[in-house]
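This report concerns only the one structure given below.
Residue numbers start from 1 in every chain, and the chains themselves are labelled A, B, ... in the order their sequence lines are given, proteins ahead of strands.
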Amino acid sequence: MALKIVKGSIDRMFDKNLQDLVRGIRNHKEEEAKYISTCIDEIKQELKQDNIAVKANAVCKLTYLQMLGYDVSWAAFNIVEVMSSSKFTYKRIGYLAASQCFHESTDVIMLTTNQIRKDLSSPNQYDTGVALTGLSCFVTPDLARDLANDIMTLMSHTKPYIRKKAVLIMYKVFLKYPESLRPAFPRLKEKLEDPDPGVQSAAVNVICELARRNPKNYLSLAPLFFKLMTSSTNNWVLIKIIKLFGALTPLEPRLGKKLIEPLTNLIHSTSAMSLLYECVNTVIAVLISLSSGMPNHSASIQLCVQKLRILIEDSDQNLKYLGLLAMSKILKTHPKSVQSHKDLILQCLDDKDESIRLRALDLLYGMVSKKNLMEIVKKLMLHVDKAEGTTYRDELLTKIIDICSQSNYQYITNFEWYISILVELTRLEGTRHGHLIASQMLDVAIRVKAIRGFAVAQMATLLDNAHLLTGNVQRKGICEVLYAAAWICGEFSEHLENPMQTLEAMLRPKVATLPGHIQAVYVQNAAKLFATVLKSGEGSADSTAAQEMMIERLPLFVQSANLEVQERASCILQLVKYIQKLQQKDVEIAEEVIALFAGELNPVAPKAQKKVPVPEGLDLDAWINEPPSESESEDEQPRAIFSKEEPKYSRPRHTEVDEKELAKRREVRKQEQASNPFYIKSSPSSQKVYQEGSGVEHIPVVQIDLTVPLKVPGLPMSDQYVKLEEERRQKDRADKKKEKKKRKEKRGGGRGKKHDSCPESEEDITPAHMVDIVTEEMPENALPSDDDDKDPNDPHKALDIDLDKPLADSEKLPVRSHRAAEVLKSPTEDVEAERTVVSQEPKKKSSKEKKEKKKDKDRKKSKEEKKKKKHKHEDKGEDLLGGQEDEPVVQSEETSVVAAPPTSTTSEVSDLDFWLSNAPVPSNAQEAAPVAAAAAADPVPEAASGAAPDSEPEEPKDTEAEETKSSKHKKKKQKKEKEEKEKKKKKKHHHHHRHSDAGGEESVQNGTVEEEEEPLPPMSNYCLLAENSYIKMVFDFLSLSLKMLEDADQVNDIQGNLQDGSQVVVSVIFENKCESFLKSMEFNVLDSLNSKLQRPEGSGAHDALSVPFQLPPGVSNEARFVFTMQSIVMPQKLKGTLTFIVKNEDSSTHEKLEFKLHFTCTSYLITTPCYSDAFAKLLESGDLKCSSVKLEGISMPFHHLLARICFHHHFSVVERIDSCASMYSRSIQGHHVCLLVKTSEQTVSIDAKCDEPTLLGNVLDEIKQTFSQC
Amino acid sequence: MIKSILIFNNHGKPRLIRFYQYFAEDMQQQIIREIFHLVSKRDDNVCNFLEGGSLIGGSDYKLIYRHYATLYFVFCVDSSESELGILDLIQVFVETLDKCFENVCELDLIFHMDKVHYILQEVVMGGMVLETNMNDIVAQVELQNRMEKSEGGLSAAPARAVSAVKNMNLPEMPRNINIGDINIKVPSLSPF
């Protein structure tokens, strides 16, 4: 034994170490592979020795070879051996090798579990560190499950070095073993406040990675991160946090509002460019998430854009690049602010750096308008000519097409110009994007009917000069264009000036060198052209010439190797021969030949097929016939192939179809077409025949020098269109000015001034000719668009876990002792183990059940909560309170969750809520409701929750289900609104619930009022403001507390009169009722002395506010307007007008709608929760005046009545005892309004107290009116 | 997340590769070739960010690189990393190498790939930034080296001597290669 060791160490002296290996490889440059293979042989020998040092040395060399691309997985077992050495030196080598070459399917990994566990708990921190580092690279689901608990303990290690690594590796563990996230999360959260900055940074890092993928689960951490952000000085941490906020803000606009100020401060104060840049990025995200309706953000946008401009102008290319990158984000929502920096961006197009040019190109996309499109594209075309390197040029080409075709060719005013641009692009050398240009040509020609004549002329020229496109081998890609050209010429051949010439071009022998699919189109469309020629003059010289040409040239294609070409050619050749025969008999046949190609193709939307809903009762997965047995089909198939193929060869090429038979068939087909409603008949009258204007005549037929095909003498033709267009626009403008002057005289000044001062606006440019863009067809009952771009394989999907829910027993991480015994268990034992777990479960449950009985009320509440969660789950987007979402894996946990006291969740949520509501934000939780309204709540899950097995048996399930069903038919938006409000209410109630738990048990507290009795019918406060045939406006008052209005931005303007003036926010929903596009909506009211519309700074007292959106047909959207009030004791009315432009396909008209905005006294009230003790004090104080009212004949249940008062009049229930309830509300100026509502039979009496009697009287009147209406 | 860290020289020879997501060896080599191809044709005065690597990542990923003398340091990262932050991290990493190797040059990386790995492990772990303070990194690396020394190291002194004798082909030994300006000059950049 001793000898062996000595021998081993002597052997070792002759081994190469890593340095020797490297040196050797460098010395054998010519025969490196051979040298390495001998080295590998040596290594294999070394690995066979017992000496661990030798093995480690060998493994170290293998790691080097791995870098050179050699697969070393065969040594995986030896690597494990080295890893388990007790010496740090070897261990480190082993782990390094493992981290380089182990992966999930390395089977020896499962041998490492115990070794790694041992290393993790080693007293030497570097053993632990090395193990953690290695593990972070090759952790598998099994390792993650088995070691999660050990790593979690390490998170509280005494050494920060280990804590830091343990925290970081948790992310990898979560990814591989998502179940560990919930149990480990509290500790992870704890680490955010670790004394060591490195650990803190690691925790931030991990949570940011987690939150990036599933931000909504981490909203509740926002306050903590906010604190870190304002306290931390570590730029790394700051950057991560700021990035995280960027991901959170879209979910919670209130958060964004709160962030703006500290972020702006950071922007102003920091000197670190990286931090500045991230701040700007997040501010942009905030601004995007905030509703555009709120004013005062222009300053922030300006700041961002200004800072970005500085970045872009910097000489550092990196900053320039990032500036452009961030700019493109602003572009999406605030294109105007970016557009003003057009000069800078165009300048970047000339940058020598390709990355920067590409970014600039991206920006251009959003900066085009009708006005500058031609100019920008012209500039790009220049770049195309100059660009070196095909990738950049190809990029330019696609960008040009993207820019022009964006949003349905919105910015193109002159399609002739566009076609000529496309034609010019075909002259590009070596582009890969021939098919792109081709599809654009086809698209434009098909969808813009008016352009067809011009397009056909251009395409004919292209076909004529086809040799230019195909001449060079390098230009293969571009010949795709000929496909489009041939098709367009054939399909719209009636526009062709000289069909004979084109026909000749299409049948040139050179065509046979084109790719097969293009030849096929050529042949087919030659037939169409032939039909046209025939029609234009049967028996004329042209038609006979055409016939002869066809018969002469087609045989070339009949010989084609391409099946498609061959088949079409032989078919058409026979047809032509047959026609010739008929004509010799003097039979008129042109009409019939034309009929072969009659009918028009309609463009179909790309998604149309997918949108066709599956008819009811059709199961696509069901077999129509009995599935054939597998063996049978295997036998059959090869035979089928042969039998099919044989006749093909033997089939006579020239089948003579009997003349009569042909005619008969044609007749039958015609009749069939006529009676078939799905067959689109040709209607020549509908096709506008293009009137050839002056534009077409002086288009030079492209005379291109053959040797230098890209140089075109003289002005490129698209430029001509730019000039023409300019002239036309100028003329237009002049005309318009005249008109305007006339109008102005009539109106006598006034508002017209503003219009004139601004330069030519978008709408002023009218398209050159009325283009009738055919929209793409969709199936009639297409389903609304669904997001189908979610990747089901995303590993982060499994991590979408609610982290605020308390832990259940079943979720505890597997602990070592338990696992250690299980590691080598056979599968059967495993099953047994599971069974024991299962059998334990009921026991737990039964003990829980006892508890449950005691805590009856608690359970009710938690159930309520669950229901709420379900609601939330349905309308995702609307959920702004975060942290409470349902999760997909609850099934197994449900029972334990029920038993768990829900208070922690509630407190968590309300904490966040409280933190956020501290933020002075006028946009409250309702903000997103109208936006989300489109994705309306589906009531089905609600019903399902009613019928869920864990619901109480005494609860009237059926009624509830029915209720929800009936309400389905009601307006979805209303329902949404109601849910939203109720949710909000409930949340507030939780506050007092906890509060009063100690005290009065007797009285039923507010939160549970609705839940125990029948559910409420849906309610909405939105009432009609005005309506005409174009638009409908409904409005509601948003009750906002004073506190909320102390918006950081607004404070300055309104603080002065905050004492005597207050604000009311009116939410108006505009609904487009007509078929046209509504734009440039302007909202204005005549201010009274008492109430004023808040207008942005700098605008006059009578200026209208523009509504920040446009309305496509059938769409509705919400805008908010803020009014300032002096006195609020009386209801008041404001007169106003809404002006807007109705834009049709061919015209646009100015329309005006007048309305009266009625401010009720209710609208001055804010739902304010009040505790019963505070309420009692208030009543005792004696400052309040009393008043009362009686309502007769109220048949609705008491809780409905209360809910109505709460909902319509912004009250909240303070306390309810049987048929008596006290309610409270506060006005925007701080008046207290207290109600005592009592009911007996059909009479309801309301005693009310308020410190402002007039207000109280009016409020009571309004309440009375509400109930008299129903 | 950092998806991979690559160091290769002006000819595309890899000096250190570290993938935080599994790729088979031949794929790794392909990626290195592709990235080298992309990076090497860029001038030194253009920006240090690059999109368009098709093999690794996809649209969310970016290459962030720095070019020092004969070596390219390339980090492939996704959008959760700050671009400028990573640039700075590369600088920190190179400065750390400079400190640990005392005037680091390409040869150091060639012959001590393992040590470079150990240093990198103290900077980035499993694709996430572990430490950005150079002094801390150097301290940890040195402590571990000391530990290795106390264990006698991988190759004890006699073995070294033998291997030197064994390698008799002295004229071809790389130390005779004219190194020239191979030292990585670490420019002092503005602090982060």
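Minimum interatomic distance between A:S99 and B:Q121 (heavy atoms only, all atoms of both residues): OG-NE2, 4.5 Å. The nearest pair of heavy atoms linking A:L168 to B:M128 is O-CE, 3.2 Å. For A:S274 against B:G85, the heavy-atom pair with the smallest separation is CB-N, 4.2 Å. The shortest non-hydrogen separation linking A:V72 to B:E25 is N-OE2, 4.4 Å. A pairwise comparison of heavy atoms in B:V129 and A:W236 identifies CG2-CZ3, 4.0 Å as the closest pair. In this structure, A:L132 and B:M125 approach most closely via the heavy-atom pair O-CE, 3.8 Å.
When each of A:M273, A:R359, A:E104 is scored by its heavy-atom pairs under 4.5 Å with chain B, the top score falls to A:R359. Contacts with chain B were tallied for A:L18, A:N205, A:L322; A:L322 has the most, counting heavy-atom pairs under 4.5 Å. Annotation: maximal heavy-atom pairing with chain A below 4.5 Å, among B:N145, B:L143, B:D43, B:N48, occurs at B:N48.
In the model, B:Q140 has a side-chain atom that pairs as donor or acceptor with a side-chain atom of A:Y126 under 3.5 Å. Judged purely by distance below 3.5 Å, without hydrogens or angles, the side chains of B:E151 and A:T89 pair a donor atom with an acceptor atom.
Two residues are said to be in side-chain contact when any heavy atoms from C-beta on lie closer than 4.5 Å; B:E83 and A:L325 meet this criterion. Two residues are said to be in side-chain contact when any heavy atoms from C-beta on lie closer than 4.5 Å; B:I110 and A:R23 fail this criterion.
Comment: A:K164 does not engage B:D136 in a salt bridge, judged by the lack of any side-chain N to carboxylate O separation of less than 4.0 angstrom. Note on A:R92 versus B:E148: salt bridge recorded, some NZ/NE/NH1/NH2 to OD/OE distance being below 4.0 Å. Note on A:R26 versus B:E106: no salt bridge recorded, every NZ/NE/NH1/NH2 to OD/OE distance being 4.0 Å or above. The pair B:E122-A:K165 meets the salt-bridge criterion, since a charged nitrogen lies less than 4.0 angstrom from a carboxylate oxygen.
Considering CG of A:N318 and SG of B:C47, their distance stands at 5.5 Å, rounded to 0.5 Å. Considering CG of A:L96 and CZ of B:R18, their distance stands at 6.5 Å, rounded to 0.5 Å. One distance of note links OG of B:S150 with NZ of A:K87; it measures 9.0 Å at 0.5 Å rounding. Between atom CG of residue A:L358 and atom CG of residue B:L50 there is a gap of 9.5 Å, rounded to the nearest 0.5 Å. In this structure, the separation between CE on B:M113 and SG on A:C60 is 6.0 Å, given to the nearest 0.5 Å. The CD atom of A:Q317 lies 12.0 Å from the CG atom of B:D44; values are rounded to the nearest 0.5 Å.
Ring pair B:Y22/A:H103 is parallel by interplanar angle, where below 30° counts as parallel and above 60° as perpendicular.
Here the side chain of A:K243 pairs a donor or acceptor atom with the backbone of B:S79 at under 3.5 angstrom. No side-chain donor-acceptor contact under 3.5 Å links B:E131 to the backbone of A:Y161. Formation of a donor-acceptor pair under 3.5 Å by the A:K352 side chain with backbone atoms of B:V46 is not found in this model.
In this structure, chain A has a heavy atom under 4.5 Å from the side chain of B:Q29, while its backbone stays farther away. Of the atoms belonging to A:D316, not a single heavy atom falls under 4.5 Å from chain B. In this structure, chain A has a heavy atom under 4.5 Å from the side chain of B:R42, while its backbone stays farther away. Contact of A:T133 with chain B is made through backbone and side chain together, with heavy-atom distances under 4.5 Å. Only the side chain of B:D78 comes within less than 4.5 Å of a heavy atom of chain A; its backbone N, CA, C and O stay farther away. Proximity to chain A is limited to the side chain of B:Q28, based on heavy atoms less than 4.5 angstrom apart.
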For A:Y64 and B:D114, what are the C-alpha separation, side-chain angles and deciding distance, and is it a side chain to side chain contact (heavy atoms under 4.5 Å, CB included)? CA-CA 8 Å; A:Y64 183 83; B:D114 48 345; over 6 Å; no
Show the numbers, then the answer: is there a side chain to side chain contact (heavy atoms under 4.5 Å, CB included) between B:L84 and A:E278? CA-CA 9 Å; B:L84 293 171; A:E278 295 306 337; over 6 Å; no
With side chain to side chain contact (heavy atoms under 4.5 Å, CB included) as the criterion, how do A:C137 and B:Y20 come out once you've worked through the C-alpha distance, each side chain's angles and the decisive distance to 0.1 Å? CA-CA 6 Å; A:C137 292; B:Y20 293 105; 4.2 Å; yes
Audit row: A:I93, B:Y118, side chain to side chain contact (heavy atoms under 4.5 Å, CB included) steps and yes/no: CA-CA 9 Å; A:I93 291 170; B:Y118 300 144; 3.5 Å; yes
